[in-house]
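Each remark here refers to the structure printed beneath this line.
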Amino acid sequence: MNSTSITRLDVTTYTVPTRGPESDGTLTWNATCAVVVQVGAAGATGTGWTYSSPAAGAVITHHLRDIVLGQRPDDIAAVWAAMQVACRNYGTRGLVMQALSAVDIALWDLKARLYDRSLSDLLGAVRAAVPVYGSGGFTNLCHDQLDEQIDQWRSAGCTAMKIKIGQDWGADTARDLSRIEDLRHLAGAGVELMVDANGAYTPAQARRIGHRLDDLGVTWFEEPVSSDDTDSLGLLRHALRCDVAAGEYIADRYDARRLASAVDCLQLDVTRCGGYTGWLSAASVAAAHNLQVSAHCAPALHLPVAAGIAHLRHIEYFVDHVRLDAVLFDGVPAATDGHLHVDSSVSGHGMTVSDRASDYRLR
């Protein structure tokens, strides 16, 4: 591909409504927005996306597109570095890194397609199937709605399931604990119980709730306090038996290093931490701290890269993204037997924008 250059970069934003309002401990939403990037070279198209604000699309259009166009598809590391430098004065975390992530994913997909290889083969795999856990369980769901989600996870073969707690910034801890009892009853024997507070609790609340979680057999306590509060995360890690997890907002390896000493499992999100390039870099930080990595949300996008590291725990099979991806994209892998399975017969990551997506395009 020495003479091949990238000739096209298109950005499109889609908004897919949820079935109803959804809440965690600190936020409520009614739609999910996907900013989709397509890059083209030599008749091939690579696709990437991030779940973000439409503003991420503006970052790509105004600050990243001109850097990518004309570059060689092989030179992803150089393009990644150039994009980051170009955004120095706007900040290289948050929204900017989400924009960069979508472009990086598209570049890797394009490179694999130009070589007519699956992305998993191009990156190198250590496993043919990656375990997933069921995730959703929003704080505003009633008993029957939670039961419906658990049925979906059970149908996918999930043996670990996670719900949201910390309702209204920790204002109703009695209901939080009652919902965990519901999860334990509805999920049945042999299912690993996991919870996510989305940073809703104070450190003292999180410690008290955490001890109750230990008594209930919960094994995973995600963001018991804000992930910015690494001191409290570290104290909770040593005070509780359940694993303390965080990292979904990590933007780079420096964020990963800051959190690695405070958690039992480091979460990484390929749509937020710099795409596949950034994810692998941050995952190496986790490995250096002898930590496992859990892929946060975006299950379809995580499959190729998650299959490529030895210290992976699982991928989050998040209901919103499972539903959205099936609407917007063709070729999305579905979980069976509690795993997403690598398909080496596809080109790139195997997914393309569906004709169905036009109904959800932001005008």
Residues [X] and [Y]: side-chain donor-acceptor under 3.5 angstrom:
X: Y51; Y: D325; result: yes
X: T139; Y: Q167; result: no
X: S101; Y: W49; result: no
X: T18; Y: N30; result: no
X: T336; Y: H341; result: yes
X: S294; Y: Q267; result: no
X: N198; Y: T26; result: no
X: Y201; Y: D176; result: yes
X: R8; Y: T45; result: yes

query: Using 4.0 Å as the upper bound for N to carboxylate O, is an ion pair formed by D320 and R323?
result: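 Counted as a salt bridge, because a side-chain N and a carboxylate O are separated by less than 4.0 Å.
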Non-hydrogen atoms of L114 and A44 that approach each other most closely: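 Closest heavy-atom pair between L114 and A44: CD2-CB, 3.7 Å.
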Main chain of [Y], side chain of [X]: is a donor-acceptor contact present, judged purely on distance under 3.5 Å?
X: R127; Y: A306; result: yes
X: S118; Y: V346; result: no
X: R179; Y: K164; result: yes
X: D214; Y: R241; result: yes
X: D255; Y: A251; result: yes

- request: Determine, using the 4.5 Å side-chain heavy-atom cutoff (strictly less than), whether L110 and I76 are members of one ILVMFWY cluster.
  value: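 Yes, L110 connects to I76 through the hydrophobic network.
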- prompt: Does the ring centre of W29 sit less than 6.0 Å away from the ring centre of F138?
  reply: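 When the ring centroids of F138 and W29 are compared, they turn out to be within the sub-6.0 Å range.
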- prompt: Mind checking whether W220 and H314 have ring centres under 6.0 Å apart?
  reply: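 Yes; H314 has its ring centre under 6.0 Å from that of W220.
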About how many Å separate [atom2] of [Y] and [atom1] of [X], when rounded to the nearest 0.5 Å?
X: E222; Y: H296; atom1: CD; atom2: NE2; answer: 6.0 Å
X: R208; Y: L177; atom1: CZ; atom2: CG; answer: 11.5 Å
X: L303; Y: M351; atom1: CG; atom2: CE; answer: 8.0 Å
X: D359; Y: S354; atom1: CG; atom2: OG; answer: 9.0 Å

query: Around atom CG of D215, are there more than 12 heavy atoms of other residues, nucleotides or ligands at under 6.0 Å?
result: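 Yes, the 6.0 Å shell around CG holds more than 12 heavy atoms from other groups.
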